[in-house]
Student: 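My questions all concern the structure below.
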Amino acid sequence: MTVSPRLSVVVPLLGDEEHIEECLSSLRDQTLQDMEVLLVGRPGADAVRDPNVTLIPPPGGSDTSAARNAGAARATGAYLAFADPAAVVPADAYRRLVEALDATGSDLACGRAARLGGRPLQTSGNVLRTRARRDPGLLDDTAAATKAFRRTFWDTHGLAFREGIEEDFPVTVPAQALSRSTDVLAEVVCLTRPRERPRPARPADRLAAMLEVAETVARHSEDLKGEYDRRLAESDALAAVLDHAPPETLAGLAPRLARLDPEAVGRLPALRRLQLFLAVHGMAGELAGLREFAETRLRDHGVVRAGLTRRRLTMDYPLRRDRRLPAHLFDADRDLELRARVDDVRHAGGMLRVAGHAYIAHLDSRRSRVELWLQSGNRRLPLPVRRISRPDVTADSRQSAACHDESGFATEVDAGALPAGRWALHARVRARGVVRSGRVTGGPDAGERVFRAGALQVALTRERGLVLREAAPVEASGDPGPLATGVGWTEAGELTLTGAGGGPTDRITLERGTEQHSWPLRPHDGGWTAVVGRTEEGLPLARGTWRVLAGGERVRLAEALVADPPPPGRSGVHEVSLRTDKESGLSLVVRPALAPDERGPYATRRRREAPRVRTALREAAVFDSYGGGQYSCNPRAVSEELARRDPDVERIWVTRDGQFAVPPGVRTVLYGSREHEEALHSSRYVVANRRTQPGWYGKPAGQLFVQTWHGTPLKRLARDARDMPYAQKIPEEDLAGQVATWDVLVSPNPFSTPILRRAFGYDGEVLESGYPRNDVLFRPEARERARRRLGVPEGRRAVLYAPTWRDDELDRPGLPLDAGRVAAALGGGDVLLVRAHYLVAGRTVIPAPAIDVTKFPDMAELLAAADVLVTDYSSAMFDFACTGRPMVFFTPDLERYRDEVRGFYLDVEAEAPGPLVRTPDDLVDVLAVADFGAYKERYQDFAGRYCPWDDGHASARVVARMLA
């Protein structure tokens, strides 16, 4: 007679699990001996040889959910668990979960997850025989890998993961709602590691799954329905669907959306309530207009008073006077949130000096009143308030309807006179009859600081704000690691760090995401000095937050500097501030050095509305490539040709972040600065390749604006993309205003001319010249120079992989292709160069042996250097066609990108001048064979249609038109 195991553990394998052996090893080490492991998918050889493992062929579905369901169907244990193949299970984890279920008879046992190698979590003890009705917070515990389910409970309720949704909530939330008794253990039962998130499900599919879960919860408990509906209403999935889903998708979801708990919907801001109402009632046209308003004009609209008898504050949104809509949809109550932040706290002379700001969103701060107090339990200590001007708060508020210049405050706390207790800072703001109060959080620029002030510990964190309490005794520690004890600035704007401690190292490193730069660290007298200036490429640090490391360890800031940090420094076009975390780990925050009246929507509006003084135009040309991001593309080619043709014309390049070098004789101005404004209003010529002129730009009489754009349009543009759910929406009036400034629109080919006219609504002059940026592709010396700079050895084939960006995945790092794997498979005869699109470059890791050329200054030179182009939907295909060299198209998501994300102007499958492949293996095979003869005729037709004017002289034609 076969005895069933106590526990069945299902492990899904989809073929690319990097850490599966560590996971399996942790399962072998479990102190619960009576368990079976079921691997579903394609395991490696070691797993196949393990007698304690049952192998299950991969199911018809290809995702984790399908594999888990297949494993659950084959499981024979009394309990069921699901291990994450990228995680490690502590040795006692499953024994503790099973013992709890044995002892209590509960349906479900839940443990905790922690980061592998992270700090031990503080625990508060087990909670046995609870349930979601008693503890609704259980609905937020959605990880399947931290749970064990009683098998009879699983089968009785037909629990199953939802295929196509790489998340656990379709199982775990219903399980929590249906469970008659749940055990919550304090023990860590899953050790996770950072990894790339799976490709997200379509928001509509995810929302549909959430709505199904809501119905399951509702059938079990009306109380829990309200709790879950609140989570659903505030979810990213609902927001994405309301913002982007097409009418037919919303129509399918509307009946279930209509059943959302009214109280949960009432908690939403007015915009979401209004969107939801329009979606539920099938008002697709009105919803489309509201979406455009939200994307383009929302920040310019605040509150107004409405009502004849009972005057109330309402949001000034479209349809406000439409009688078909209930007036309460526009009530501003949920939008009028307290925004109170501590921006700085310093200790000097026994006093804590605290500075911050407090206002009510959407309400001007000019006549507001601010009260501050410290609170510990029921005790309150009122604090004196001194109001200070803070125009930076308005500049950084991301709106233009309300002024918060007078929202600043300063106060002092006598560190030696504070009574014992744990004191937190609170604020109350009164403005226009509205009162809001609450805890003051940490400002985004304050970092997280912890230091001693006499007998007090002062902690300033983002979530908790300012907290004061008795300091714990100082514990002696071993080697504290590198400690920065001094900070200074050189006349050249370089940051000087001096310090003590740390292991042997000769470099100090700054790290931001996937990017690193380092500088020499000079040891002396038991300490060290480092000067942080320009990077190895000769450029300043890019904007963002940079972690400071030495010898692989985080550099900490000395407590005296944490308590009294130095002010920001100016380095070229940047302002650089020091920031710390709770452990005093040092970071540098780099941002463009724009004054409050030069940045933000409020400043833009004021500058746009200011009267403009007419001035005579100078013989100067302003060049803008990708909004000041690069010295590249068509503007670069025109700029260099203009220098040859008329060197007396001053050339001014706009830079947004200082991340490119310019040749001698060229001046740069910071995007949005007063210098930029002066240049735009006084130069005779403007040359740009995108719609990136500031909102305050007003074209002076006599100025010539040349719009070159930046590629033959494969993807839909502007007006033509309005029906695509993820495309950037531009209001007609804004688009028309930008287009009205153009005097000449450069066209790369006859195919593009009518598309550009229609998409932009442009009826002015079109210069059919070909693209200036492609002139370099006709210069053999430029090709050789680029190959030498890239380090491509003589005789090696350079394969350039240059994908476009996905409008719906801008927040996801990574590329559609595993470039490291492909580079390794190609072997030593090829060099794989990878160019991530600039919109996702900062979050993308290019693994070796592929070579990252994302920061190479100009894409045109990369095309010149390449022997083969691998792309997907990038306009690079049209540029490269004039070389006659081979192209391959890696298009695993062709249908989705074409039909749902962006839309095309041509049939890629019919016209592509090279093979379309769907998998990395197919790509490697095509590149290895290198037989492109079958595409010769199609390639010739493609080049004839899209490159008829490319001859190496397009720049000359554009400059001739400018100087005519």
Side-chain angles (χ1 to χ4, degrees), residues 233-234 242 262-278 280-281 283 286-287 289-341 357-371 385 387 389-391 393-409 427-438 600-606 608-610 695 731 733:
E234 296 172 356
L242 293 177
E263 186 174 339
V265 173
R267 293 168 58 99
L268 296 175
L271 179 67
R272 288 283 178 243
R273 297 197 305 268
L274 183 55
Q275 286 178 315
L276 190 57
F277 181 91
L278 298 176
V280 165
H281 289 81
M283 303 172 72
E286 291 83 353
L287 179 58
L290 184 64
R291 285 172 171 175
E292 181 177 297
F293 166 82
E295 289 197 8
T296 59
R297 299 188 296 277
L298 179 66
R299 63 189 181 187
D300 297 327
H301 288 254
V303 296
V304 294
R305 287 202 178 273
L308 296 176
T309 56
R310 178 176 169 267
R311 303 285 283 174
R312 66 187 188 279
L313 292 174
T314 65
M315 300 307 300
D316 185 21
Y317 291 166
L319 307 174
R320 185 165 58 85
R321 294 183 174 86
D322 192 318
R323 294 183 179 274
R324 295 173 298 170
L325 277 63
H328 69 77
L329 291 175
F330 300 89
D331 283 349
D333 187 63
R334 292 292 179 179
D335 295 81
L336 302 178
E337 298 178 339
L338 174 69
R339 304 283 171 83
R341 307 284 187 269
H357 62 275
Y359 63 88
I360 299 174
H362 304 293
L363 301 182
D364 269 10
S365 300
R366 275 187 282 266
R367 296 184 179 86
S368 67
R369 292 178 55 195
V370 176
E371 301 171 58
V385 178
R387 302 296 293 274
S389 178
R390 290 288 302 275
V393 175
T394 304
D396 297 333
S397 63
R398 300 181 181 180
Q399 55 79 47
S400 70
C403 178
H404 302 304
D405 288 5
E406 305 307 316
S407 64
F409 65 74
R428 178 182 293 113
V429 178
R430 303 172 188 269
R432 295 185 65 177
V434 178
V435 181
R436 293 289 184 269
S437 60
Y602 192 85
T604 295
R605 186 172 183 172
R606 294 183 69 175
R608 183 174 62 239
E609 295 172 352
E733 60 195 77

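Throughout, numbering of the chain's residues begins at 1 and tracks the sequence.
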Student: Any donor-acceptor pair under 3.5 Å linking the side chain of Q399 with the backbone of A402?
Tutor: yes

Student: For the residue pair P391 and Y602, establish whether any side-chain heavy-atom pair is separated by less than 4.5 Å.
Tutor: no

Student: Salt bridge check, R291 against E295: does any charged N sit closer than 4.0 Å to a carboxylate O?
Tutor: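 The answer is no: the pair does not qualify as a salt bridge.
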
Student: Between the main-chain N or O of D333 and the side-chain N or O of D331, is there a donor-acceptor pair closer than 3.5 Å?
Tutor: no

Student: So which heavy atom on A395 is nearest to which on P601, and how close?
Tutor: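 Minimum heavy-atom separation between A395 and P601: O-CD, 4.3 Å.
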
Student: For the backbone of R398 and the side chain of R299, can you confirm whether one donor and one acceptor N or O come within less than 3.5 Å of each other?
Tutor: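 The answer is no, because no donor-acceptor pair under 3.5 Å joins these two groups.
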
Student: For L271 and A294, which heavy atoms make the closest approach, and how far apart are they?
Tutor: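 In this case the closest contact between L271 and A294 is CD2-CB, 4.0 Å.
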
Student: Looking at E234 and R272, does any basic side-chain N land under 4.0 Å from a carboxylate oxygen?
Tutor: no

Student: Hey, what do you get for OH (Y359) to CZ (R436), rounding to the nearest 0.5 Å?
Tutor: 14.0 Å

Student: Could you verify whether a donor N or O on one side chain and an acceptor N or O on the other, from S365 and H404, lie under 3.5 Å apart?
Tutor: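 Yes, H404 and S365 have a side-chain donor paired with an acceptor closer than 3.5 Å.
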
Student: So, R334 side chain and A270 main chain: donor-acceptor pair closer than 3.5 Å or not?
Tutor: no

Student: With ring pair (Phe, Tyr, Trp, His ring centres under 6.0 Å) as the criterion, how do Y317 and F330 come out once you've worked through the C-alpha distance, each side chain's angles and the decisive distance to 0.1 Å?
Tutor: CA-CA 8 Å; Y317 291 166; F330 300 89; 7.2 Å; no

Student: I'd like to know if the side chain of D335 reaches the main chain of P269, judged simply by a donor and an acceptor atom lying under 3.5 Å from each other, with no hydrogens or angles considered.
Tutor: no

Student: Return the minimal non-hydrogen interatomic distance between T296 and E292, and the atom names on each side.
Tutor: OG1-O, 2.6 Å

Student: How far apart are the C-alpha atoms of E609 and R605, what are their side-chain angles, what is the distance that settles it, and do they pass the salt bridge (Lys or Arg N to Asp or Glu O under 4.0 Å) test?
Tutor: CA-CA 6 Å; E609 295 172 352; R605 186 172 183 172; 3.4 Å; yes

Student: Looking at every heavy atom in both M283 and F277, which two are closest together, and how far apart are they?
Tutor: SD-CE2, 4.2 Å

Student: Are any side-chain N or O atoms of R273 and backbone N or O atoms of L329, one a donor and one an acceptor, separated by less than 3.5 Å?
Tutor: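 The answer is yes, because a donor-acceptor pair under 3.5 Å joins these two groups.
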
Student: Taking the side chain from H357 and the backbone from S407, do they hold a donor-acceptor pair closer than 3.5 Å?
Tutor: no

Student: What is the minimum heavy-atom distance between R608 and G695, and which atoms define it?
Tutor: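 Smallest heavy-atom distance, with atoms named: CD-O, 3.4 Å.
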
Student: Among all residues two or more places apart in sequence or in another chain, which pass the salt bridge (charged side-chain N to carboxylate O under 4.0 Å, His left out) test with E406?
Tutor: none

Student: Contact between L276 and V265 at the side-chain level, heavy atoms closer than 4.5 Å - yes or no?
Tutor: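 Yes, side chains in contact.
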
Student: Is there a donor-acceptor pair closer than 3.5 Å between any side-chain N or O of T394 and the backbone N or O of D405?
Tutor: yes

Student: Does a side-chain heavy-atom distance below 4.5 Å link E371 with R430?
Tutor: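 Contact flag for E371/R430 side chains = yes.
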
Student: Roughly how far, to the nearest 0.5 Å, is the CZ atom of R339 from the CG atom of L363?
Tutor: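 It comes to 11.0 Å.
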
Student: With no hydrogens and no angle check, do the side chains of S368 and R387 hold a donor and an acceptor under 3.5 Å apart?
Tutor: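 Looking only at side-chain atoms, R387 and S368 do form a donor-acceptor pair, the distance falling under 3.5 Å.
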
Student: Check whether any side-chain heavy atom of L313 lies under 4.5 Å from a side-chain heavy atom of V434, and answer yes or no.
Tutor: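 Side-chain contact under 4.5 Å: yes.
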
Student: Looking just at side-chain N and O atoms, do S400 and D300 make a donor-acceptor pair shorter than 3.5 Å?
Tutor: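 Yes - a donor-acceptor pair under 3.5 Å links their side chains.
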
Student: Is the shortest side-chain heavy-atom distance between R367 and R432 below 4.5 Å?
Tutor: no

